[in-house]
Structures are given as C-alpha cells and as structure tokens.
Q: 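Dropping the structure in here first, questions after.
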Amino acid sequence: MSSVKIALLPSPRVRASIACFGALLWIAGCSSVLGISDPTPAGNTDGGPGSDGSGSGTDGPHELVSIAIDQKPLDLPLGKSLQLTVHGNYADQTTEDLTAQAVFTIIAGDGVTLSAAGVVKGVTQGSSITVKAVVGNFADQSDITVVAAAPDHIELSVGNLQLDQQQRVHVRAAIVFTDNTKQDGTTTVTWQTSDASIATVVQGQIDAQQVAGDATITASAAGVTPASLVATVTLLPCHPVINEVQSGSSASASEEWAEIYNPCTISIAVDGFTLVYRAASNTGTIDTNLLINLVGTMAPGEIRLYGGDAVPQPLTDTWGNGVMQQNNGALGLRNGPKDTGPLVDAMAYGSISAGHPFIEGAPAAGLVNGRSVGRKPFDGNDTNQGSVDFALTTVRTPGTLNFP
C-alpha cells in the first residue's frame, strides 16, 4: 500500500491570527514584541526632536550634571543690590533655573552682603569677593569686584502737581547713584511732555498752557530709570499769590514780611491791588489793617517783598511798625480796596475763628520766632488748602524763591 502524506493546514481563523502577529512584528520590531527595551533613545540618530540638544531634549536622561552662576565674573557697583541667578545643566542638554533651590555663601573676601537666597549688595568699593552657590551635590562660584557707584535712577523734586492756566513751575531732577548719592541733572536729562497743548517743559521749567487736562512730564537719561509726574492744568486763570510770610522775630516784632509772587508766564497788572491783614478772630466785613497798596505790573516770575521797618532785606515797600499777631492771623490779597476788593489770594496761620473769610480749607501752621511759612513743594503751589500748600520752615527766603 502506498503511503499517503496528509498536510495539516491551520484553520482560516488561525491563519488570520498568524498574519496579524507577523504584521505586529513588522511594525513594532521583534525585540519590542518580546518585551526587550530598545537601547537607543528615540531621536538620537534620526535627526528628530532633541538630537541637537534643543527642543524636547532627548539626548540622554533628564539628570542634573552641573550648575552655573549666571553672573560670572561680576563688577558690582557700590551700593547696588543684585539677585544672583543659577541655572542647572542636564544630561539631555536642557537647562533649568535653579535659583530658588540654590544656597549662596561667601567663601573668600568681604565688602558685600549676601543673603542665603543670593541677593548680593556692594558695600566697600575695591573689594574682591568669591561667592559660592550649591544645589544638592553640585556647586559653582563667581568672583565679584565692587566698583564705583553707578547712576541708577532719576528723582524729581515734586510729585504730581496742579497748575492754573499759564502758570509756571520749576522742577529739579536729581540723578541718584547706586550708593544713594545724588547729582543735579536738571539741565542734562531729557525732558518730555505727553501733551504740549496742556503743558510744555524745558530743563525742568513746566509751563501750563490754556487747555485744561493732564500731561505726563518725564525726565530720562541713558542707562537709568526715568521719573515722571502728572501736571494737571485747571480751568482757572493764573494769578499772583502770597508766597511766604513771617510774623516777626526775636530781634523785633517789626521784622515781619510777606512775599507776593507772580507764578505766571504772563505779566499781571496789580495797580489797585491791596495787601491786608485780619486778626484771627475777625470774621466781620472790615479788614483789621491795610498793609500795602500795590502798583504797576508784575512780570512773570517777579517777587515783591513787603514788610515792617525792621526787615533787613531790601523791601519793595514797607507798612511801618509791626501789625501782625505772631502766632495766629491772616493775610489777604485783594483786587481792589481794603474791605471790599475781591480776594485774589489769602492765607491764614495758627488758630483761626470758624467762618474767617481768609481761611482756604484749613489754616497753615502757627508762626513762631525765627520761622516762616512758605508754599511747598514749589513756589506758587495753590490748591486753596492752606494747611497743605504752606509748610513751616527755618530756611527763610524773603525776596527769593522758596524752591527747592
């Protein structure tokens, strides 16, 4: 009998499974199917993301291999504070900011202060210091030299201010160095205005125009932080003001004086104006004393000094012997005669009876021997609040500007 060979073929269902398994091997690779890891990280050899050390960074495990202080070496200006920063370098060629994890110490020299968080400040010029940063088992160091103080920022002599139309204000700019020393920069910084139709500025001289509104005035210079203020121009016309007052001195009660100032960019006719005095308790219709009859025209920026016979400075005119009460009283500048002329400006000092016609908001401080009250923070500052506009000072400036 002849032998018969019978071929046993898988069933259709088994054949389909074998085909699928073969396809899986072709797609994933035998080693993957068998559970063996690929020893070559993806992206290393095929030019994909991370092969050049950028992007997702897959040239190796994300393991820290070193740290570095970013400011290395460092020239630190005297008085300046600076936050040192640290970055970590990883095996996958990525970096991370590790400043918050770093601990900083001084390992050589002195002349700086250093916080554990890495804020360093130069305190002694010429010093050489080495600082160290540590993150885990990794460390780096930087050499620091404290050099001369450097310009840091600009400081203005006044903040936001209010001006009447056509009023002029002088503002000074100081360049502040890192050691807090200052240098006058009024004529050297660059001045700018956000709206020249409201206010212009030239070397710190701010001139209000005839348009009400806000203008931002900025002083700037290369390499320093600029400074700004807002000049608010009102709808009111500019007018002369009582700018500084002294009620007497230890030398004589007649050493009393009042300064009238024209803070405007235009001349003001003052013919017929009167300067009058009222006692602190005088709330009636009659002024206590006529001090001066003004004459002529006041030029822009003109100051007139009026006072008693004992005032040592040259006077524009005198009102004779002492008439002002030393600690409490009030002055009024009228556009017209005593008692009835409309008040152009007024100031009261000390304790004043309620309802007094010369009080603007609240009185300025009471006067004492050897001191005056003057408008601050700049000449001509008039917000109609006596307690705010006037400050008591020992630096008296009769006949000259209060500023600065």
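Because only heavy atoms are used, hydrogens play no part in the values below, and waters and symmetry mates are left out as well, while side chains stay in.
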Q: With the threshold set at 4.0 Å, does a side-chain nitrogen-carboxylate oxygen contact exist between R334 and D339?
A: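 D339 and R334: not salt-bridged.
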
Q: Using only atom types and a distance under 3.5 Å, with no angle test, would you say the side chain of N262 pairs donor to acceptor with the backbone of S267?
A: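 No.
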
Q: Measure the spacing between CZ of F390 and OH of Y349 and express it to the nearest 0.5 Å.
A: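 These two atoms lie 12.0 Å from each other.
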
Q: Can you name the closest pair of heavy atoms from S351 and N328 and give their distance?
A: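 Shortest heavy-atom separation between S351 and N328 comes out as N-OD1, 2.8 Å.
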
Q: Looking only at the side chains, is there a donor atom on one of E256 and W319 sitting less than 3.5 Å from an acceptor on the other?
A: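 There is such a pair (donor and acceptor under 3.5 Å, judged by atom type) between the side chains of E256 and W319.
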
Q: Checking the side chain of N89 only, and the main-chain atoms of V65 only, is there a donor and an acceptor separated by less than 3.5 Å?
A: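 The answer is no, because no donor-acceptor pair under 3.5 Å joins these two groups.
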
Q: Evaluate side chain to side chain contact (heavy atoms under 4.5 Å, CB included) for N327 paired with V368, printing each intermediate quantity in order.
A: CA-CA 6 Å; N327 306 116; V368 294; 4.2 Å; yes

Q: For residues 110-122, dump all side-chain donor-acceptor pairs below 3.5 Å to protein atoms at least two apart in sequence or in another chain.
A:
from: S115; atom 1: OG; to: A117; atom 2: N; distance (Å): 3.4
from: S115; atom 1: OG; to: G118; atom 2: N; distance (Å): 3.2
from: S115; atom 1: OG; to: V119; atom 2: N; distance (Å): 3.0

Q: Check for a donor-acceptor pair, side chain of E244 on one end and backbone N or O of R375 on the other, with a separation under 3.5 Å.
A: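 No, the answer is negative, given that no donor and acceptor are paired below the 3.5 Å cut-off.
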
Q: Between D92 and H62, does any side-chain donor sit less than 3.5 Å from a side-chain acceptor?
A: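 Yes, a side-chain donor-acceptor pair sits under 3.5 Å.
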
Q: Identify the residue among T124, D75, I129 that makes a side chain to side chain contact (heavy atoms under 4.5 Å, CB included) with V146.
A: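 Of the listed residues T124, D75, I129, the side chain to side chain contact (heavy atoms under 4.5 Å, CB included) partner of V146 is I129.
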
Q: Give a yes or no on whether the backbone of L74 and the side-chain of Q71 come within a donor-acceptor separation of less than 3.5 Å.
A: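 Looks like no, no N/O pair under 3.5 Å.
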
Q: Would you say S157's side chain and R172's backbone share a donor-acceptor pair under 3.5 angstrom?
A: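 Answer holds: yes.
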
Q: Output all residues satisfying salt bridge (Lys or Arg N to Asp or Glu O under 4.0 Å) with R304, sequence neighbours left out; order by chain, then residue number.
A: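 For R304, the residues satisfying salt bridge (Lys or Arg N to Asp or Glu O under 4.0 Å) (neighbours in sequence not counted) are E302.
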
Q: Pairing donors with acceptors under 3.5 angstrom, does anything connect the side chains of Q246 and R396?
A: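 Yes, because at least one side-chain N or O of Q246 sits under 3.5 Å from a partner of the opposite role on R396.
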
Q: Is the side chain of T178 donor-acceptor paired with the backbone N or O of A149 at a distance under 3.5 Å, no angle test?
A: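 Looks like no, no N/O pair under 3.5 Å.
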
Q: Could you give all pairs that pass the disulfide (SG to SG under 2.5 Å) test and reach residues 154-221, with sequence neighbours left out?
A: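 Applying disulfide (SG to SG under 2.5 Å) to every pair that reaches into residues 154-221, excluding sequence neighbours, yields nothing.
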
Q: Please walk me through it: do I206 and T200 pass side chain to side chain contact (heavy atoms under 4.5 Å, CB included)?
A: CA-CA 6 Å; I206 302 174; T200 61; over 6 Å; no

Q: Please test E259 against N402 for side chain to side chain contact (heavy atoms under 4.5 Å, CB included), starting from the C-alpha separation and ending with a verdict.
A: CA-CA 10 Å; E259 200 179 71; N402 303 340; 3.8 Å; yes

Q: Nearest 0.5 Å, please: how far is CD1 in I144 from OG in S127?
A: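 Interatomic distance, S127 OG to I144 CD1, rounded to 0.5 Å: 11.0 Å.
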
Q: Does the side chain of T85 come under 3.5 Å of the side chain of D70 through a donor N or O and an acceptor N or O?
A: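 Their side chains do contain a donor-acceptor pair, which is all the 3.5 Å distance test asks for.
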
Q: Just by distance, with hydrogens left out, do N369 and S250 show a side-chain donor and acceptor under 3.5 Å apart?
A: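 Short answer, no.
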
Q: I need the minimum non-hydrogen distance between S281 and S353, along with the two atoms involved.
A: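 That would be CA-OG, 3.3 Å.
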
Q: Do I242 and I260 touch side chain to side chain, with heavy atoms closer than 4.5 Å?
A: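 The answer is yes; the side chains approach within 4.5 Å.
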
Q: Measure from the side-chain N and O atoms of T316 to the backbone N and O of L305, and report whether any donor-acceptor pair falls under 3.5 Å.
A: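 Between the backbone of L305 and the side chain of T316 there is a qualifying donor-acceptor contact (under 3.5 Å).
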
Q: Say whether, by atom type as modelled, one donor and one acceptor occur between the side chain of R278 and the main chain of N282 under 3.5 angstrom.
A: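 Yes.
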
Q: Between N335 (side chain only) and V344 (backbone N and O only), is there a donor and an acceptor less than 3.5 Å apart?
A: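 No; zero donor-acceptor contacts below 3.5 Å.
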
Q: Considering non-hydrogen atoms only, spot the tightest contact between A102 and V86 and give its length.
A: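 For A102 versus V86, the nearest heavy atoms are CB-CG2, 4.2 Å.
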
Q: Is the closest basic N to carboxylate O distance between R168 and D207 below 4.0 Å?
A: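 Yes, this pair counts.
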
Q: Judged by atom type as modelled, is there a donor-acceptor pair below 3.5 Å linking the side chain of Q167 to the main-chain atoms of G380?
A: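 Answer holds: yes.
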
Q: Go through it in stages, so that I can follow the logic: the residues are F358 and L331, the test is side chain to side chain contact (heavy atoms under 4.5 Å, CB included), and I'd like the CA-CA distance, side-chain angles, deciding distance and then a yes or no.
A: CA-CA 7 Å; F358 290 1; L331 296 174; 5.6 Å; no

